[in-house]
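Heads up: the structure comes next, in structure tokens.
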Amino acid sequence: MFFDENNRKEQQEKPVTYKKHLKKSLEYNIQLFKDIFNSDETLVTRKFKGPTEQQSECGIIFIEGMIDVDVVNKNIIQPVLRKKILTREVSLETLQEHVIAAHKIEKTADIEKLIQGILIGNTVFLLEGASEALIITTKGWKHREITEPPSEKTIRGPREGFTEAFLTNLSLIRRKVKTPKLKFKYLTLGVQTNTKVCICYIEGITNDKILEEVERRLKNIIMDGIIDSGYIEELIKDCPLSPFKTIGSTERPDVAASRLLEGRIAVVSDGSPNVLTMPYVFQEYFQSNEDYYMDFIFGSINRLLRILGFLLTISVTGIYVAISTYHQEIFPTPLVLSISAARQGVPFPTVVEAILLLFIFEVLREASVRMPEAIGQTISIVGALVLGQAAIDARLFSAPIVVVVALSGITELIVPRFKGANIIVRMMLLFLSAFLGLYGFIFGVLILLIHLFGLRSFGVPYMQNYRSLEFQDFKDTVVRAPWWYMILRPQFIASENKKRRSLIRDTGGEQ
Amino acid sequence: MKKTVKAVILLLLAVSVLQLTGCWNYREIDKVSIVAGAAIDKERDRYVVTVEVIDMKSGKESVVESKIIEGRGQSIFDAVRNIIQISGKRLYWAHSKILIISQEIAREGVADVIDFYARDSEPRFALYLLISKEETAKDIFLMESFAEDIKSFDIEDMLSSEESVLKVSGIVLYEFINDLGAEGKSATLPSISLILNNDQKRPELSGEAVFKKDRLIGFLDGKESKILHYILDETQGGLLVGEEISQDVDKELTLEVFENGTTTKIKPEYVSGDLTINIEVDITAAIAENRGGNYFVTKESVDQMKKEVEKAMEEKIKNLILKVQSEYGSDIFGFGRTVKADMPKTWKKIKNNWGDIFENLEVKVTVDFKIVNKAMLSQPITIGD
């Protein structure tokens, strides 16, 4: 789907394959690894031996900084040094079962696996006279604390956020959904980065077809590196050229868990605090986890505000330009007079004013995101005083257009998730309005609707909530219905086990 | 191959859609002269269109003023186009509020004049029409504006707040066109004149202008117009003062008619070839001002007043109808329309000589007057020593 069939076969070959095997000689084996990690000075190899001469020599290989030093010292090296049973006949099995104190040990002769183990922070244990090796889980590197994600702050609700640590993220999800039906499937993506990716879903709620499709798409990814889940999102999303998201992403475990409960699938990628959820429908732009934690009345009001904000931000400049340049008769007379008075002596046509100001707004927005906090005031001074007041006083821009663009800009920030989509749709509507008036505006709205209704996310129609005839599907759209009223899960996603809530305790579904 | 054909067809369709925008164009709001109102006169064979355009001066505080420009031409549109030479900007009519027509033109027929305003896409159908009682229509623009800086908006305000004075009722373009075309109803338009008020020229809405077909045939004064609106059931409140309510007693009494306190029913009766119109007027009012004379404290005095008012109103209504029947012969009361609605078969018989029938029509008037309260004072103000 993403690559040509012929291309894929060529690319699927891994770039490095190690044909060599472990031999019985410890010296040889260690040298083997040293050769593979040639000129990588973070690789540490250490040989050691028990207290008596008869004992065979052992070796461990790990990467500095990736391991928990305590575990390696106390649980691997110390027991081996102290135990006297290590005669020449001792086998890896004995060591695994009686000596090494680690919670997870794997015995293998597969050199590929051993290399992977070293790379993810495990320790490889070699024994003189054994052509196999142990992979001992000793992962222990520094990672970020679990903190509230700054991009999705809430007033009410859990304050945990995903971190960059893969297993921590999985545990955060697991802690919310304590059922064996919550499944985690591992995949490794990225030819160079060997990033671990995990597909999470709840068996019995998730639609199997969607699950299959997600797996198929993930397996088709051939890329040298997956640094963030954003790579995956872009590679597997439907309609890749659309500015609208068809895959959701969240930094919050509670959001991920609630989406799992609605039958969605989460994809956790190692090293990324953003967990992908799919399918993603248009409605989810307007949903916030807080809607569900606060009472439904306040939640519904907020949701209506967000929808209004979206409609305003895409349309208000377009409508203003259309009316003030084509249909002045629509304005009430006093408004026409004040706009006309404000425009006297302004050098640019209204459209040019609108485009310039929108451009300036986007520049200010982008600048304030990337800027150190210490110089944050510059932006507000430049934005408010220079561009706002002085530009009007100097008659570069008329006051009404500044108000309109500011309104459009502020409402853009109500739903920050829209990002590029807002800007593109707004510009399209603005150009069409400037070109054809309200007729062009309606034209643009039609194009937008056709596009949105044509989109699908993993087989689920993007606008399902808005075209469904099922009453249950409406309950979580423009308003958030009270929990006691939302009996069914979104039916187009969770196809099997539909009941979210039951009036009687015993028939609560088999979940 | 098929795909390219499809793409080309789609492209052609998309392009052809662009042609369906109709008649509109990109025009910056500051590049047009906004017309607030216009007056139309005739000078020999040429039309003189006088427009009041809004003139804006920008600055820290924008100033809105009006300018009067005059254009002449063979037709109205010609005159309007000729104004561009003077103003330098195209006139923009969508926000014009009033159109004043001179008596001279109105007596020849207004249909010729309003044709342009109804036909052109810019002027609204909600444009107030007025007949100037002055020598020319443009004289009205000599007035001093009062509430607003724009004279036309001043006049518009007067027309829309007229319901509490009742002398005229504002008629907008589409209503007038409907009236012109209607069977059994002649049109009226408010008339406007200038008066001296506090040494300044102010416009005054001075009663209805009566039309027969599209020609002006006379004027009703303010008091007659008020009665006309009672008959037309267009009254929404207003006052009844002095001799309007009584002929001799209680001249100092002022009654305030409630909003929606008046209902008028017109019932035609057709008995053996004779058409009679029964008019029933119900008025509900309160005492608004009472100077001297009777205080209406007792039930008898209130009943007395009620009878007086009913008698006076009946007389007024009858007199007005008689005057219109004899002087103008123009059915501005819409009796014919009522007959047509209530007795369509009879209407078919008589509609061809409705003019004659109207002039000799017998009209019976009954007024039912109710006094509801005495506002804030139940007792008159006591005057002691």
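Chain letters run A, B, ... following the sequence lines, proteins first and then strands; every chain starts at 1. Hydrogens, waters and symmetry mates are skipped; everything else that's a heavy atom, side chains included, is used.
- B:E28 is listed as a side-chain neighbour of A:R343, based on a closest heavy-atom distance under 4.5 Å.
- With contacts defined as side-chain heavy-atom distances shorter than 4.5 Å, the pair B:Y92/A:E329 qualifies.
- In terms of heavy atoms, B:M56 sits closest to A:S340 at CE-OG, 3.1 Å.
- In this structure, the side chains of B:I34 and A:V336 come closer than 4.5 Å at one or more pairs of heavy atoms.
- Using a 4.5 Å heavy-atom threshold, the side chains of A:V351 and B:Y26 count as touching.
- Within a 6.0 Å radius of CD in B:Q74, other residues, nucleotides and ligands contribute 12 heavy atoms or fewer.
- The closest side-chain heavy-atom distance from A:Y326 to B:R27 is not below 4.5 Å.
- For the pair B:K97 and A:T333, the minimum side-chain heavy-atom distance is below 4.5 Å.
- B:D30 places none of its side-chain heavy atoms less than 4.5 Å from the side chain of A:V346.
- The CG atom of A:L337 sits 9.0 Å away from atom CD1 of B:I29, with the distance rounded to the nearest 0.5 Å.
- Within the 3.5 Å criterion, the main-chain N or O of A:Q328 finds a donor-acceptor partner in the side chain of B:H95.
- For a heavy-atom cut-off of 4.5 Å, chain B lies close to A:A434, A:F435 in residues 422-435 of chain A.
- A 6.0 Å sphere centred on NZ of B:K201 holds no more than 12 heavy atoms belonging to other residues, nucleotides or ligands.
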